[in-house]
Structures are given as structure tokens and as C-alpha cells.
S.K.: 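Just dropping this structure here.
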Amino acid sequence: MTERRTAWAYFLLIAAPAMWGGAFVAAKYLVLELHPTAAAAVRFIISFLFLLPFFLRIEGRRALPARRDLPVLLLLGASGVFAYNALFFYGMQWAAATDGSLVVASSPMLTVVLSVLFLRERFIWPQAAGLVLCLAGVTVIITKGSPDTLLGWQVNHGDILLLGCAASWAVYSVAGKVAMRRLSALASTTFSNGLGALMLIACAIPSLHWDSLVGLSARGWTSLLFLAVFASGIAFVFWLAGVRAIGAARSAVFVNLAPVSSALLGVLMLGERLAFFHLAGAVLVLMGVYLVSRQPQRPVSAAPAAAPADSAARS
């Protein structure tokens, strides 16, 4: 992989979590006006409608997924779109907000495990050190620098659901690597979003009312469109393209940039106070990203199937 291509992959893997961090801010605005499950369903409907013509214009009808691609696309939609959002919103009914950030921190660990087990990716000690640093940085941020926050936790139903949420994102990351052996990042994102949206609609029907959608304020619509177009569309394309370029295990650590982005945007847009623990956590996360990204990862020779299968996957 050339230096330019590697740098581009890292840019994509940084930009995607930055947009996901912005999604936390946008969601805070949106849930004040729209039910959470309804917001999730509408978010991905708009995302699919945005991505589909974009996909058809760039890649054309010949790049449409084949019937054999349906199982992995269903897995992407069920894990990264439906399960993640459903478990997150319902888990937050019982769990504290701190647990919501824990989801972002724990999913890379599960992604690495699944990548080693199912994709046969190699994992060496500097990458492990990087993941530990990232987890430490995110822990500093979500606990506000106070160990008592961790010591005082008690397991409840919400924590269990949020652990499932983290697992669903790990499955999405690994399944995305498999999907892009035949499909491009844009195709994988477009059709997994569409399938996930159908699943979310089924759950959102009782809370999805036309009046509440039409009555959204300008800020509500801006938040919804940001969530749908950027956080659920463009960011997913960036993420899957980055995963394809450098591997699921190495890319997993970049998810930890999302809470850093969320904290910074919270200060700028919500008036939250930037404290020392924010800066300390950001430094630890960035150090961890550096350790993981600078180490070359060579594929295991016994796993030739991990290479892209066609020109669409290599584009």
C-alpha cells in the first residue's frame, strides 16, 4: 500500500468518527422533538434515499448487489443499523449516559477479537498497547477523571443491552470487510442502510407520527439531515472504505475518536465546559491511534480469501 493511499485511509477513518461525534450533538437536539425510535427510522430512510441515486450515478446498475450478496447485506443492516440503534435507544432507558459512551469504547476490543477469529488478521503487541491507551483515554473522558464513577457502577438491564450494542458494531465492522470482497463501500453502505431502515420502521410504527415529523423546527430538520446524510451515509462509506484498506483490527481503534469529537463539539455547540480530563483523554486516544496505525500489518499467508475479489472492491 502506497503512502498516499495509507494516508487517505487514515483520513477516512478519522473523518467518520468525527461525524459520529457530531451525531451525539445532533441527536440531543432531535430527541427533544421526535421520539428516539422514530428518529432512528427516519434517519436511515433519508440516508438510503440520499445514497441510492448517488450509488446509481457513480457505479451504475451493473454494480447492484447480486442475490448471493443479500445475506451479508442483511447482516450489515441488522448489526450496524437496526441492532445498534435499537439496543442503544432502549438501553439508555435504564443505563446512565456514561454507559452510552462505554459502547464506543468497548466495541474496538470486540472487533479485534472477531477479526482475529474470523478474518485471521494478525495482531501484535504495539497494537494492543495502542488499544489500551485508547481505552484509557476514553475512560478518562466518560468518567470525567474520577475513578469513583467506575467503582460505583452496578450492572443493570441497560448495561447488558449496551454491551450487545457494542457487539453489534463489532459484527458490522467485520461483516463490512467480508462484504467488500465483492461490493464497494458505497454499495455496502447504501443497501445495508436500506435494509436496516426497513427493520427500524417495523419497530417505529407505533411512535412514528406524521404531525411530529412535519412540525420539526429548523434546528430539528438540520439535526435530522446531518444524522441521515453525514453520520449515517457519508461516514459509513468512509468507515467501510478505511476498513477495507487497512483491515478491521487496525481500524477498530479509530472508533474511539468519536467521543473525543463529541466532547469538543459539545463545548462549541452546547456550551459544555472543557475540563482537563477532556484534554488528557484526547491525548491518550491520539497516542493510541498513532501506535496502532504506524505498525505494518501483513496478512496471514494461509488466508488468500481476505484479498478483494474484483475491481469494485479495490476501487
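This chain uses plain numbering: 1 for the first residue, then up along the sequence.
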S.K.: Are V31 and L87 grouped together when hydrophobic residues (ILVMFWY) are joined by side-chain heavy atoms under 4.5 angstrom apart?
M.R.: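 V31 does not cluster with L87.
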S.K.: I'd like to check L195 versus L70 (side-chain heavy atoms, cut-off strictly below 4.5 Å). Are they in contact?
M.R.: yes
S.K.: Please confirm whether the backbone N or O of A18 pairs with a side-chain atom of S261, one donor and one acceptor, at under 3.5 Å?
M.R.: yes
S.K.: So, taking the atom named OG in S217 and the one named CG in L30, what distance separates them when rounded to the nearest 0.5 Å?
M.R.: 9.0 Å
S.K.: For a quick test of reading the model, state the closest non-hydrogen atom pair linking P17 to L257 and the distance between them.
M.R.: CB-CB, 3.8 Å
S.K.: Could you state the interatomic distance from CD1 (I45) to OG (S232), rounded to the nearest 0.5 Å?
M.R.: 11.5 Å
S.K.: How many angstroms lie between CG in D69 and CZ in R182, if you round to the nearest 0.5 Å?
M.R.: 4.5 Å
S.K.: Do L225 and L227 belong together in a cluster built from hydrophobic side chains that touch within less than 4.5 Å?
M.R.: yes
S.K.: Does M199 form a side-chain contact (heavy atoms from CB on, under 4.5 Å) with L74? I'd like the steps, not just the answer.
M.R.: CA-CA 10 Å; M199 301 174 195; L74 283 171; 4.1 Å; yes
S.K.: Would you mind reporting whether S47 and L51 have side-chain heavy atoms less than 4.5 Å apart?
M.R.: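 Counting from C-beta outward, L51 and S47 do come under 4.5 Å.
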S.K.: Any non-hydrogen side-chain atom of I246 less than 4.5 Å from a side-chain atom of Y10?
M.R.: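 Sidechains of Y10 and I246: in contact.
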S.K.: Ignoring hydrogens, what is the shortest heavy-atom contact between A204 and A41? Give both atom names and the distance.
M.R.: CB-CB, 3.7 Å
S.K.: Measure the shortest side-chain to side-chain distance between L284 and V140 over non-hydrogen atoms and say whether it is less than 4.5 angstrom.
M.R.: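 Side-chain contact under 4.5 Å: yes.
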S.K.: Testing the basics here: between A26 and S223, what is the closest heavy-atom pair and its distance to 0.1 Å?
M.R.: O-CB, 3.4 Å
S.K.: Which heavy atom of S188 sits nearest to which heavy atom of M180, and what is that distance?
M.R.: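 The pair with the smallest heavy-atom distance is OG-CG, 3.7 Å.
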S.K.: Please work out whether the ring planes of W239 and W169 are parallel, tilted or perpendicular, with thresholds of 30° and 60°.
M.R.: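 Because their plane-to-plane angle lies in the 30° to 60° range, the rings of W239 and W169 count as tilted.
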S.K.: When you look at V81 and L76, which way does the side-chain contact (heavy atoms from CB on, under 4.5 Å) test go after all the steps?
M.R.: CA-CA 7 Å; V81 178; L76 285 172; over 6 Å; no
S.K.: For L52 and F191: C-alpha separation, side-chain torsions, deciding distance, then whether side-chain contact (heavy atoms from CB on, under 4.5 Å) applies.
M.R.: CA-CA 8 Å; L52 183 59; F191 294 100; 4.1 Å; yes
S.K.: What pair of heavy atoms forms the shortest contact from S173 to V243, and how long is it?
M.R.: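 S173 and V243 have their closest heavy atoms at O-CG1, 3.9 Å.
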S.K.: In the structure I gave you, are the side-chain heavy atoms of F44 and N85 within less than 4.5 Å of one another anywhere?
M.R.: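 Heavy-atom side-chain distance check passes, below 4.5 Å.
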S.K.: Once rounded to the nearest 0.5 Å, what's the spacing between atom CE of M19 and atom CZ of F226?
M.R.: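 Output value for this atom pair is 7.5 Å.
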S.K.: Apply the test side chain to side chain donor-acceptor pair (under 3.5 Å) to residues T37 and S207: give CA-CA distance (whole Å), side-chain angles for both, the deciding distance (0.1 Å), then the verdict.
M.R.: CA-CA 7 Å; T37 55; S207 58; 2.8 Å; yes
S.K.: Please determine whether residues V214 and I46 belong to a single hydrophobic cluster, defined as Ile, Leu, Val, Met, Phe, Trp and Tyr linked transitively by side-chain heavy-atom distances below 4.5 Å.
M.R.: yes
S.K.: Going from CG on L240 to NZ on K177, what distance comes out if it is rounded to the nearest 0.5 angstrom?
M.R.: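 Interatomic distance, L240 CG to K177 NZ, rounded to 0.5 Å: 11.0 Å.
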S.K.: Enter the distance from L114:CG to Y172:OH here, rounded to the nearest 0.5 Å.
M.R.: 15.0 Å
S.K.: Using the ring pair (Phe, Tyr, Trp, His ring centres under 6.0 Å) definition, which of the options F230, F236, F254 pairs with W20?
M.R.: F236
S.K.: Dump the intermediate steps for side-chain contact (heavy atoms from CB on, under 4.5 Å) on W221 and L224, then the final yes or no.
M.R.: CA-CA 5 Å; W221 274 110; L224 179 58; 3.8 Å; yes
S.K.: Check whether any side-chain heavy atom of F82 sits under 4.5 Å from a side-chain heavy atom of C203, and report yes or no.
M.R.: yes
S.K.: Using the rule that two of Ile, Leu, Val, Met, Phe, Trp, Tyr join whenever any of their side-chain heavy atoms come within less than 4.5 Å, decide whether L216 and L32 are in one cluster.
M.R.: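 No, separate clusters.
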S.K.: Could you tell me if the side chain of L64 sits less than 4.5 Å from the side chain of F55, heavy atoms only?
M.R.: yes
S.K.: Side chains of R244 and R181, heavy atoms from C-beta outward: is any pair under 4.5 Å?
M.R.: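 A side-chain contact under 4.5 Å is absent here.
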S.K.: Among L183, T190, T189, whose side-chain contact (heavy atoms from CB on, under 4.5 Å) with L186 holds?
M.R.: T190
S.K.: So which atom in L12 and which in G242 form the shortest heavy-atom distance, rounded to 0.1 Å?
M.R.: CD1-N, 4.3 Å
